[in-house]
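Residues: numbered from 1 along the sequence shown. Note that the structure is a prediction, hence the values are computed from the model and not measured. Atoms within each ligand, like the ligands themselves, are counted from 1 in listed order.
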Amino acid sequence: MSEFRRALRSGKPLIGGWIQTASPTAAEIFSAAGYDWVTVDCEHSEVGLSEITAVLRGMRGKPVAPFARVAENDPIRIRQALDMGAEGVIVPLVNNAEEARRAVAAAKYPPKGIRGFGFVRQNGWGREFDSYAQRANDETVVILMAESKEAVENIDEILSVDGVDGIFIGPYDMSGSYGCVGQTDSPVIREACAKVAEACLRHGKAAGQHIVTPTEESVDRAIAQGFTFIALGADIVFLNQSAETAVGMARRAVERRRT
Ligand code: 3PY
Ligand code: MG
């Protein structure tokens with residue numbers, strides 16, 4: 001088992017960075033910032049296959065676990081992300097045990113799953129084929145996203161699927177599914193989060209969530225609820241916030257000179 005997977009199992013809080021810009025530079029910056037893991041987001045971004053590789057290269061040699069949030073629960077997307085160097089995949093919109101089994105099978109080599117073998121970046125383009133083939137199933141992390149009412153209702157059957165390392169809540173899709181779009185802090189979403197965290201704890205699996213716009217209070221609450229696999233913000237969120245703050249500062253300075 002990889003050090004990261006062991007840490008995940010142990011319940012140690014692992015803080016993640018989120019990259020939507022397809023930028024290897026962002027990967028370098030995030031990798032140096034002290035995150036435990038960093039993911040490239042291929043679902044809500046322009047990130048294609050060659051950008052996945054480029055962004056993962058930005059994490060090379062850094063003490064972060066490289067992840068990919070794949071565009072969909074599809075065996076080829078999952079295989080390609082792992083082949084190109086992701087140690088773990090975050091699979092969106094998993095609603096039941098059958099979909100969970102599909103995601104796990106895609107991430108694991110036979111006989112456990114259906115991942116195809118090849119000479120790929122993850123095994124040094126074939127140089128470490130044998131050793132990687134032997135350890136891959138133990139090291140590859142599979143995190144499934146719970147982003148709907150259906151997923152919350154089926155959380156026990158999803159968590160019972162062998163090979164699922166943890167659940168990761170997508171609060172925005174979740175809010176859409178519960179009919180309160182964008183209200184990620186509403187009581188119904190808080191309750192859904194608590195239910196998922198409690199189920200993960202019971203199954204001995206990691207509870208995760210994306211805190212898209214982190215605040216001291218939201219991070220504190222997530223940790224207190226038992227969430228351990230936490231993505232904080234995103235490159236685009238930080239750019240938006242910092243850009244607005246900087247422009248605001250300048251506009252206020254201009255205003256002060258006028259008055
Ligand atoms: C969501 O909030 O739905 C997400 O997928 C966040 O990553
Ligand atoms: Mg989502």
request  = Please state whether His44 comes within less than 4.0 angstrom of ligand 1, counting heavy atoms only.
outcome  = no
message = Is Met174 close enough to touch ligand 1? Criterion: a residue heavy atom under 4.0 Å from a ligand atom.
response = no
query = Under 2.8 Å from the Mg ion (ligand 2), is there an N/O/S atom belonging to Glu43?
reply = no
I need the atoms of ligand 1 closer than 4.0 Å to a non-hydrogen atom of [X], numbered in the order shown.
{"X": "Gly170", "value": "1 (C), 2 (O), 3 (O), 4 (C)"}
{"X": "Asp173", "value": "1 (C), 2 (O), 3 (O)"}
{"X": "Pro171", "value": "1 (C), 2 (O)"}
{"X": "Glu147", "value": "1 (C), 3 (O), 4 (C), 5 (O)"}
{"X": "Trp18", "value": "7 (O)"}

inquiry  = I want to know whether Trp37 and Phe67 have ring centres closer than 6.0 Å.
reply    = yes
query = Applying the side-chain contact (heavy atoms from CB on, under 4.5 Å) test to Trp18, which of Val237, Ile90, Leu232 qualifies?
reply = Ile90
inquiry  = Quick check: Arg69 and ligand 1, any N/O pair under 3.5 Å apart?
reply    = yes
query = Which protein non-hydrogen atom lies closest to atom 6 (C) of ligand 1, naming both residue and atom, and how far is it?
reply = His210 ND1, 3.3 Å
query = Of the protein's non-hydrogen atoms, which lies at the shortest distance from atom 2 (O) of ligand 1, and what is that distance?
reply = Tyr172 N, 2.6 Å
request  = Could you pull out the atom name of the N/O/S atom in Glu147 that is nearest the Mg ion (ligand 2)?
outcome  = OE1
request  = Just give me the atom name: the N, O or S atom of Asp173 closest to the Mg ion (ligand 2).
outcome  = OD2
query = In terms of hydrophobic clustering (I, L, V, M, F, W, Y; side-chain heavy atoms under 4.5 Å; direct or indirect links), are Leu14 and Leu201 co-clustered?
reply = no
task = Say whether Val161 and Ile78 are linked into one hydrophobic cluster, either directly or through other cluster members, by side-chain heavy-atom distances under 4.5 angstrom.
result = yes
request  = Identify the residue among Arg258, Arg257, Arg252 that makes a salt bridge (Lys or Arg N to Asp or Glu O under 4.0 Å) with Glu255.
outcome  = Arg258
query = Would you find a donor on one side and an acceptor on the other, under 3.5 Å apart, between the side chain of Asn123 and the backbone of Val120?
reply = yes
task = Decide salt bridge (Lys or Arg N to Asp or Glu O under 4.0 Å) for Arg5 and Asp165; before the verdict, give the C-alpha distance in whole Å, the side-chain angles of both, and the deciding distance to 0.1 Å.
result = CA-CA 8 Å; Arg5 199 155 178 239; Asp165 291 298; 2.9 Å; yes
message = Between the side chains of Arg115 and Asp83, is the shortest nitrogen-to-carboxylate-oxygen separation below 4.0 Å, so that they form an ion pair?
response = yes
query = Is Asp185 salt-bridged to Arg221, going by a charged N under 4.0 Å from an acidic O?
reply = yes
